[in-house]
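Worksheet: one structure, shown below.
Atoms within a ligand are numbered from 1 in the order they appear, just like the ligands themselves.
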Amino acid sequence: MKILVTGGAGYIGSHTVLLLLTNGFEVVVLDNLMNASIESIRRVEHLTGKKVSFIKGDIQDKTALTSLFNEHAIDAVIHFAALKAVGESSTIPLEYYQNNVHGTLCLLEVMANLNINHFIFSSSATVYGGENAVPYEESMPLGEASSPYGASKVMIERVLKDLAQSNLDFRAVCLRYFNPIGAHESGQIGEDPKGIPNNLLPYVAQVAVGKRERLQVFGDDYSTQDGTCERDYLHVMDLAEGHVAAVNWLQKNSEFTGVEAFNLGTGKAVSVLSIIKAFEQASQQKVPYTIAPRRHGDLPAFWANAEKANKQLGWRATRDLTQMMTDTWRWQSNNPEGYPK
Ligand SMILES: NC(=O)c1ccc[n+]([C@@H]2O[C@H](COP(=O)([O-])OP(=O)(O)OC[C@H]3O[C@@H](n4cnc5c(N)ncnc54)[C@H](O)[C@@H]3O)[C@@H](O)[C@H]2O)c1
């Protein structure tokens, strides 16, 4: 089977490409490298001993997409390519809607023209919004997203549903990720954010390696066990396995049409202070931090009910917090500046 992975040079994409290759899939990556380095693909090739067809290009370029699909007999698309910084999305909403929503429409349009009907979408726990009770379940209605980033995910899930109703051959899976962290156990590939990290773990790791002075913890007066926000962190390799499971599920369930959503999380919430402590233990480094005011839009705590993915996809997160921390530290300490620029 040949899979097109958009955004495959990025953090989650590169780990998924690695696992697809080791599971015998052929992989074509389309990435404009706006938030990634080609070095991630080179390292994936080195680690697997297999070749990736890499195309530098944009999902909004329908001509390039059409020639890609004409050149490669693609069976399914895993669509990671997106802008993903929640805070930034409120500052430049049009860029987010343009890149994420319009980009996805371009991709789906070209796929429809060429009758390519298998689609796996990188959705997010943010689609549940603040209205739903925790733990989040797939049967819950989508919430009012608190950021343009979240809204772009809600919109795309809606587009997929409408598309599936109009085309009974279309088969899509929305994977709603909780909080992916960690890195491949080789320490060769990992998360390499450009500029100031938006997510907790890359920030913690950069403080530990001496690249940043201290971490700001946004709020310690939430109604959680230690007052800091709690999230459902899962290892990026578990997440990558979720994508392989989803591809296999689509392949096996040939009678399925429509869109199916699955939560990918561990089902457990961990606080920011617990993350700092676990990271300090795994890395044997100090992570200085200060308590800062709450950040607008942050929910106190959310986590997944991941039973559906377990029952239907046969998937479960198996790597524990210690492994997430150890692998993050291995990546960060081997590559203090990220991929060579
Ligand atoms: N990391 C998380 O915490 C998280 C959580 C939930 C959902 N997601 C979603 O998972 C996906 C992957 O996230 P990630 O953390 O690997 O991010 P990332 O930024 O590392 O990867 C995204 C990749 O897409 C590429 N890209 C962006 N716009 C593109 C375009 N128009 N054309 C071609 N390539 C483009 C970037 O260069 C990058 O390589 C995104 O859709 C993101 O919204 C991420």
query = Heavy-atom distance to atom 26 (N) of ligand 1: which of I156, I59, N32 wins?
reply = N32

message = Quick check on contacts: which atoms of ligand 1 are under 4.0 angstrom from a heavy atom of L33?
response = 37 (O)

task = Decide if atom CD of Q312 counts as having more than 12 heavy atoms of other residues, nucleotides or ligands within a radius under 6.0 Å.
result = yes

query = Below 4.0 Å from any atom of ligand 1, is there a heavy atom belonging to G57?
reply = yes

ask   = Tell me, which protein residue and heavy-atom name are nearest atom 15 (O) of ligand 1, and how many Å apart are they?
value = K84 NZ, 2.8 Å

query = Quick one: which ligand 1 atoms are inside 4.0 Å of a heavy atom on S124?
reply = 6 (C), 7 (C)

message = If the contact criterion is a heavy-atom separation under 4.0 Å, does N99 count as touching ligand 1?
response = yes

task = Consider only side-chain heavy atoms of I, L, V, M, F, W and Y, link residues closer than 4.5 Å, and tell whether V259 and I78 are in one cluster.
result = no

query = So which protein heavy atom does atom 19 (O) of ligand 1 come closest to, and at what separation?
reply = N35 ND2, 2.7 Å

key: Residue M34 vicinity, atoms of ligand 1 by number, heavy atom under 4.0 Å   = 27 (C), 28 (N), 29 (C), 37 (O)

inquiry  = For the residue pair R294 and Y222, would you count it as a cation-pi contact if the rule is NZ or CZ under 6.0 angstrom from the ring centre and within 45 degrees of the ring axis?
reply    = yes

task = Determine, using heavy atoms of S123 and all atoms of ligand 1, whether some pair is separated by less than 4.0 Å.
result = yes

note = Among non-hydrogen protein atoms, atom 20 (O) of ligand 1 lies closest to Y11 N, 2.8 Å

ask   = Taking only heavy atoms of G10, which atoms of ligand 1 are found under 4.0 Å from at least one of them?
value = 20 (O), 21 (O), 39 (O)

task = Report, as yes or no, whether the 6.0 Å neighbourhood of atom CD on E131 holds more than 12 heavy atoms from other residues, nucleotides or ligands.
result = yes

query = Will you find, in the side chains of N199 and R231, an N or O donor that is under 3.5 Å from an N or O acceptor?
reply = no

query = Is the distance between the ring centroids of Y136 and F302 less than 6.0 Å?
reply = yes

request  = Count the heavy atoms belonging to other residues, nucleotides or ligands that lie under 6.0 Å from OH of Y97, then report whether that count exceeds 12.
outcome  = yes

Among F121, Y149, Y177, closest by any non-hydrogen atom to atom 42 (C) of ligand 1 = Y149

remark   = In ligand 1, the atoms that come under 4.0 Å of a heavy atom of A36 are 37 (O), 39 (O)

request  = Please write down residue, atom name and distance for the protein heavy atom closest to atom 2 (C) of ligand 1.
outcome  = P180 CG, 3.6 Å

request  = May I ask you to check whether I12 has an N/O atom sitting below 3.5 Å from an N/O atom of ligand 1?
outcome  = yes

request  = Run the contact test for G103 against ligand 1 with a 4.0 Å cut-off on heavy atoms, strictly below, and give the result.
outcome  = no

ask   = What is the closest protein heavy atom to atom 36 (C) of ligand 1, and at what distance does it sit?
value = D31 OD1, 3.5 Å

task = Taking only heavy atoms of A82 into account, list the atoms of ligand 1 that are under 4.0 Å away from them.
result = 22 (C), 24 (O), 27 (C), 28 (N), 40 (C), 41 (O)

Rounded distance [0.5 Å steps], CG in L313 versus CG in L175 = 7.5 Å

inquiry  = Out of the candidates V134, L299, N263, only one should pair with Y128 under the side-chain contact (heavy atoms from CB on, under 4.5 Å) rule; please name it.
reply    = N263

ask   = Are the side chain of D238 and the backbone N or O of T318 linked by a donor-acceptor pair below 3.5 Å?
value = yes

inquiry  = I need the atoms of ligand 1 closer than 4.0 Å to a non-hydrogen atom of K153, numbered in the order shown.
reply    = 40 (C), 41 (O), 42 (C), 43 (O)

N-O pairing of R316 and E241 below 4.0 Å = no

Heavy atom of the protein closest to atom 40 (C) of ligand 1 (residue, atom name, distance) = F80 O, 3.1 Å

For N199, the ligand 1 atoms whose distance to one of its heavy atoms is below 4.0 Å = 3 (O)

ask   = How about K56: does its NZ atom have over 12 heavy atoms from other parts shown lying under 6.0 Å from it?
value = no

task = Answer yes when E109 and K62 have at least one side-chain N-carboxylate O distance shorter than 4.0 Å, and no when they do not.
result = yes

